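In what follows, a structure is listed as structure tokens, so that the remarks can point back to it.
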Amino acid sequence: MSQNTKTRFSCQTCRVPSQKSDKVISKKPEERMEELIKSVSFMSSQFDEFNKKLDAALLEMNHLRTENNKLKIENTRLANDILDIKQKLDTFEQANMGIEASRLNSTNNKPSIIIAKLETSEMRKNLIKINKLQKLNANMLSENWNKENKIYINERLTKEKRILYSKTRAAGKERNYKFIWISNADILIRKDENSKITRIRSINDIERM
């Protein structure tokens, strides 16, 4: 039969074409809870892993900080040891100068320096003391020499100590120190008549002036 003929012999329900409706598939509460638990568990494991890495990083930082402090302490100790060795070497060199006698010729048209060895350190001290009280000139040693030529008598210093003395004088001038002098190869300073005498052994002492 044709479609029209079939329709005439069909009931009312069959005559109306069926309409398909979209079905909404919803999950059961148990399934949703299980997925939520899995999600929370994953996030928790990630957070725990992050905490482990953070703890390891903090531990490494503390270790590096401790090692850095140790290195600073060791560097300070080594610096002090080096300074002490330099002072001892300079003292040894200064002591050895007492057994030398020679002439140092100047290369910049300045008068040459005569290094004189005296029998005792007491003689050296007295000579320098007398020279401070009565300034010497060349005519006092020989009538044929010009009296305008001054003679300066100083203690002979090592190169290290000469540099230190020069820096001490510069710092003393800047900070208004009245007295800066050499005594028995020691660099001594005094702020004024009412201040105590201080010995300069290194550049650190100058910084504390």
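Just so you know, these numbers use all the heavy atoms, side chains as well, and skip hydrogens, waters and symmetry mates. The shown structure was predicted, so the numbers you read here are calculated from the model rather than taken from an experiment. Sequential numbering from 1 along the given sequence is applied to the chain's residues.
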For [X] versus [Y], what's the shortest heavy-atom pair and its separation?
{"X": "Thr168", "Y": "Met209", "result": "O-CE, 4.3 Å"}
{"X": "Lys167", "Y": "Ile203", "result": "CD-CD1, 3.9 Å"}
{"X": "Asn184", "Y": "Arg124", "result": "OD1-NH2, 2.6 Å"}
{"X": "Ser202", "Y": "Gln87", "result": "CB-NE2, 3.5 Å"}

>> Applying side-chain contact (heavy atoms from CB on, under 4.5 Å) to Trp181 and Asp186, what does each step give before you reach the verdict?
In response: CA-CA 8 Å; Trp181 72 101; Asp186 289 332; over 6 Å; no

Kindly check if the number of other-residue, nucleotide or ligand heavy atoms within 6.0 Å of [atom1] ([X]) is above 12?
{"X": "Met123", "atom1": "CE", "value": "yes"}
{"X": "Glu143", "atom1": "CD", "value": "no"}
{"X": "Arg169", "atom1": "CZ", "value": "no"}

Are any of the side-chain heavy atoms of [X] and [Y] separated by less than 4.5 Å?
{"X": "Asn139", "Y": "Asn146", "result": "no"}
{"X": "Phe179", "Y": "Glu193", "result": "yes"}
{"X": "Lys196", "Y": "Arg190", "result": "no"}
{"X": "Leu127", "Y": "Ile153", "result": "yes"}
{"X": "Thr158", "Y": "Arg162", "result": "no"}
{"X": "Leu157", "Y": "Ile182", "result": "yes"}
{"X": "Phe42", "Y": "Lys38", "result": "no"}

>> Using side-chain contact (heavy atoms from CB on, under 4.5 Å), reason through Ile187 and Leu164 one step at a time and then give a plain yes or no.
In response: CA-CA 8 Å; Ile187 303 173; Leu164 184 63; 3.8 Å; yes

> Okay, side chain of Asn126, backbone of Glu122: is any donor-acceptor separation there less than 3.5 Å?
Replying inline: yes

>> I'd like to know if the side chain of Asn80 and the backbone of Thr76 have a donor-acceptor N/O pair within less than 3.5 Å.
In response: yes

>> Using the rule given for side-chain contact (heavy atoms from CB on, under 4.5 Å), can you reason through Asn154 versus Ile128, listing the C-alpha separation, both sets of side-chain angles and the distance that settles it, and then say yes or no?
In response: CA-CA 7 Å; Asn154 298 302; Ile128 293 175; over 6 Å; no

> Have Asp192 and Ser195 got a donor and an acceptor in their side chains that come within less than 3.5 Å?
Replying inline: yes

>> Does either side chain, that of Arg65 or that of Asn62, offer a donor lying less than 3.5 Å from an acceptor on the other one?
In response: yes

Calculate, to the nearest 0.5 Å, the distance between atoms [atom1] and [atom2] belonging to [X] and [Y] respectively.
{"X": "Ser44", "Y": "Ile37", "atom1": "OG", "atom2": "CD1", "answer": "13.0 Å"}
{"X": "Asp48", "Y": "Met43", "atom1": "CG", "atom2": "CE", "answer": "12.0 Å"}
{"X": "Leu59", "Y": "Leu54", "atom1": "CG", "atom2": "CG", "answer": "11.0 Å"}
{"X": "Arg201", "Y": "Lys86", "atom1": "CZ", "atom2": "NZ", "answer": "15.5 Å"}
{"X": "Lys129", "Y": "Ser183", "atom1": "NZ", "atom2": "OG", "answer": "11.0 Å"}
{"X": "Asn51", "Y": "Glu49", "atom1": "CG", "atom2": "CD", "answer": "9.5 Å"}

>> Using side-chain contact (heavy atoms from CB on, under 4.5 Å), reason through Tyr165 and Ile180 one step at a time and then give a plain yes or no.
In response: CA-CA 9 Å; Tyr165 181 54; Ile180 300 175; 3.9 Å; yes

> Are Tyr177 and Ile200 co-members of a hydrophobic cluster defined by side-chain heavy atoms under 4.5 Å apart?
Replying inline: yes

>> Are Leu58 and Phe50 linked, directly or through intermediate hydrophobic residues, by side-chain heavy-atom contacts shorter than 4.5 Å (ILVMFWY only)?
In response: yes

> With the threshold set at 4.0 Å, does a side-chain nitrogen-carboxylate oxygen contact exist between Arg208 and Asp205?
Replying inline: yes

